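Structure first, commentary second.
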Amino acid sequence: MTVKKIGIVSRYDNLEALEMAGTILKNFEKRVEIVLSTKTAEHLGKSNLAVPVENMRSVGAELIISIGGDGTVLRNISKMEDPLPVLGINMGTLGFLVDVQPGEAIAAIEDVLRGFTYTERSRLDVSFNSETLPPATNEVVLITARPAKILTFRVSLDESLMEVIRADGVVIATPTGSTAYAMSAGGPIVDPRVNATLIVPLAPFKLSARPWVVPATSTIKVEMIIPEKEAVVVIDGQHSYSIKANDVVTLTRAKNPARFVSSSVNGFYEKVQSKLT
């Protein structure tokens, strides 16, 4: 089935990304209905096409073309309660979530408009002292706000104490996020098809504090238990919140996954080889 309506989201602080958005609009505006994110529309002088990302599904968009890097993808997925499939055009650097290079963009979109499939990736719902925070596609990081000040966390899994961790912080990651911060902290690379969640200490005090891989269906609770320490909770590198002693962060598998348009670009293992070696 051919695609009838798409959304375009671009970094608006990057001239090359905006030029790419304009090129895509020019090439396809007569063949498919297009809406633009509010800032992208503003910078392209197309306010008549402006629709907030969180409303694109409700106006009939079938997928989103994200122009930028991984951060652009993560930021916009976090705005959608039930994320649309995303096709990422890589205008960033490494780009693990953006498969298509700029020179391949027009041809890739041509293919997608004739019909597409997508993969689903699990996300994490995040609760902070019973307050709902944006869900995470990559990871949730609890980390010291003051370098060289170690924190102590009580980590529970399904109401059972798993470990008390003394460290600079802890990363709770999805398989998608296993190739991001969690990997840099010494965690394993996990195939996105694996139904799991990673718990990775950051610079732990004890040599025995090792990364965990737990079922994605688990409820994970992390409580900071040492007073007078400054720390923050960071979701996908996009959203930050201060945390203090006795605050509790609870993580569960989100009802609605992230979705990524399948492309002809090499698969996960080829991507690991090409980008991380």
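Predicted model, so just to flag it, every value in this text is computed and none were measured.
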Shortest non-hydrogen contact from Ile8 toward Leu25: CD1-N, 4.4 Å
Donor-acceptor pair, side chain of Thr144 and main chain of Asp168, under 3.5 angstrom: no
Could you grab the distance from atom CD1 of Ile89 to atom CZ of Arg11, nearest 0.5 Å is fine? 15.0 Å
Between Asn76 and Thr72 the two heavy atoms that sit nearest each other are ND2-O, 2.8 Å
Check whether any side-chain N or O of Asn129 sits under 3.5 Å from a backbone N or O of Val248 as a donor-acceptor pair, and report yes or no. yes
Axial cation check for Phe153 ring with Arg166, 6.0 Å and 45° limits: no
Minimum heavy-atom separation for Ala108 and Val100, please, with both atom names. CB-CG1, 3.9 Å
How close do Pro204 and Ala209 get, counting heavy atoms only, and between which atoms? CB-CB, 3.6 Å
If you count heavy atoms of other groups shown closer than 6.0 angstrom to CZ of Phe28, is the number above 12? yes
Any side-chain heavy atom of Lys46 sitting closer than 4.5 Å to one from Ile34? no
Should the ring pair His239 and Tyr241 be called parallel, tilted or perpendicular, given that the plane angle runs from 0 to 90° and is split at 30 and 60? parallel
If only atom types and distance count, is the side chain of Thr40 paired as donor or acceptor with the main-chain N or O of Leu36 below 3.5 Å? no
Using modelled atom types only, decide if a donor and an acceptor are shared between the side chain of Asn55 and the backbone of Val51 within a distance under 3.5 Å. no
Taking Glu159's backbone N and O only, do any of them form a donor-acceptor pair with Ser156's side chain (distance below 3.5 Å, no angle check)? no
Please evaluate residues Ile64 and Val53 with respect to the criterion side-chain contact (heavy atoms from CB on, under 4.5 Å), reporting the C-alpha separation (whole Å), side-chain torsions for both, the decisive distance (0.1 Å), and the verdict. CA-CA 9 Å; Ile64 286 177; Val53 173; 4.1 Å; yes
Check for a donor-acceptor pair, side chain of Ser178 on one end and backbone N or O of Val190 on the other, with a separation under 3.5 Å. yes
Heavy-atom pair of closest approach, residues Val32 and Val3: CG2-O, 3.7 Å
Answer with yes or no whether the hydrophobic clustering places Ile235 together with Ile143; edges join I, L, V, M, F, W, Y residues whose side-chain heavy atoms lie under 4.5 Å apart. no
Just by distance, do the side chain of Asn195 and the backbone of Ala216 share a donor-acceptor pair under 3.5 Å? no
Side chains of Ser262 and Phe116: closer than 4.5 Å at any heavy-atom pair? no
Quick one: are Glu42 and Ser47 in side-chain contact, heavy atoms under 4.5 Å? no
Does Leu84 form a side-chain contact (heavy atoms from CB on, under 4.5 Å) with Leu63? I'd like the steps, not just the answer. CA-CA 5 Å; Leu84 286 167; Leu63 68 108; 5.7 Å; no
Taking only residues at least two apart or on different chains, which pairs with a member in residues 236-262 satisfy salt bridge (charged side-chain N to carboxylate O under 4.0 Å, His left out)? Asp82-Arg259, Glu120-Arg259, Lys244-Asp247
Does any non-hydrogen side-chain atom of Val141 lie less than 4.5 Å from one of Leu202? yes
Would Arg31 and Glu110 count as a salt bridge (charged side-chain N to carboxylate O under 4.0 Å, His left out) here? Give the steps. CA-CA 10 Å; Arg31 296 172 48 191; Glu110 290 269 9; 2.9 Å; yes
Path from Leu74 to Phe96 over hydrophobic side-chain contacts below 4.5 Å: no
Does either side chain, that of Arg123 or that of Thr137, offer a donor lying less than 3.5 Å from an acceptor on the other one? no
Do you reckon Met56 sits in the same ILVMFWY cluster as Met80, going by side-chain contacts under 4.5 Å, direct or chained? yes
Could you check whether any side-chain N or O of Arg121 sits under 3.5 Å from a backbone N or O of Phe260, counting only pairs where one atom can act as donor and the other as acceptor? no
The test is side-chain contact (heavy atoms from CB on, under 4.5 Å); show your working for Leu251 and Thr197 and say whether it passes. CA-CA 10 Å; Leu251 303 107; Thr197 301; over 6 Å; no
Return the CD to CD1 distance between Glu33 and Ile6, rounded to the nearest 0.5 Å. 10.0 Å
Is there a side-chain contact between Asn138 and Thr176 (heavy atoms, below 4.5 Å)? yes
Under a 3.5 Å distance rule, please check whether Asn90 uses its side chain to pair with a backbone N or O of Asp99 as donor and acceptor. no
Treat each ILVMFWY residue as a node, draw an edge where side-chain heavy atoms are under 4.5 Å apart, and state whether Val171 and Ile165 are in one component. no
Is the number of heavy atoms from other residues, nucleotides or ligands under 6.0 Å of Lys5 NZ greater than 12? yes
Side chain Asp158, main chain Ser218, donor-acceptor under 3.5 Å: no
In the structure I gave you, are the side-chain heavy atoms of Met224 and Asn246 within less than 4.5 Å of one another anywhere? no
Heavy atoms, side chains only, cut-off 4.5 Å: are Ile199 and Val222 in contact? no
Any heavy-atom pair between the side chains of Lys221 and Val155 that's under 4.5 Å? no
Assess the residue pair Arg154 and Glu223 against the criterion (salt bridge (charged side-chain N to carboxylate O under 4.0 Å, His left out)); give the C-alpha distance rounded to whole Å, side-chain angles, the decisive distance to 0.1 Å, and a yes or no. CA-CA 5 Å; Arg154 180 186 292 118; Glu223 179 183 4; 2.8 Å; yes
Under the salt bridge (Lys or Arg N to Asp or Glu O under 4.0 Å) test, which residues partner Asp191, sequence neighbours left out? Arg193
Would you say Leu142 ends up clustered with Val200 if hydrophobic residues are merged whenever their side chains have heavy atoms under 4.5 Å apart, either directly or through other cluster members? no
Can you measure from OG (Ser10) to CG (Leu15) and round to the nearest 0.5 angstrom? 9.5 Å
Here the pair of heavy atoms bringing Ile67 nearest to Ala21 is CD1-CA, 3.5 Å
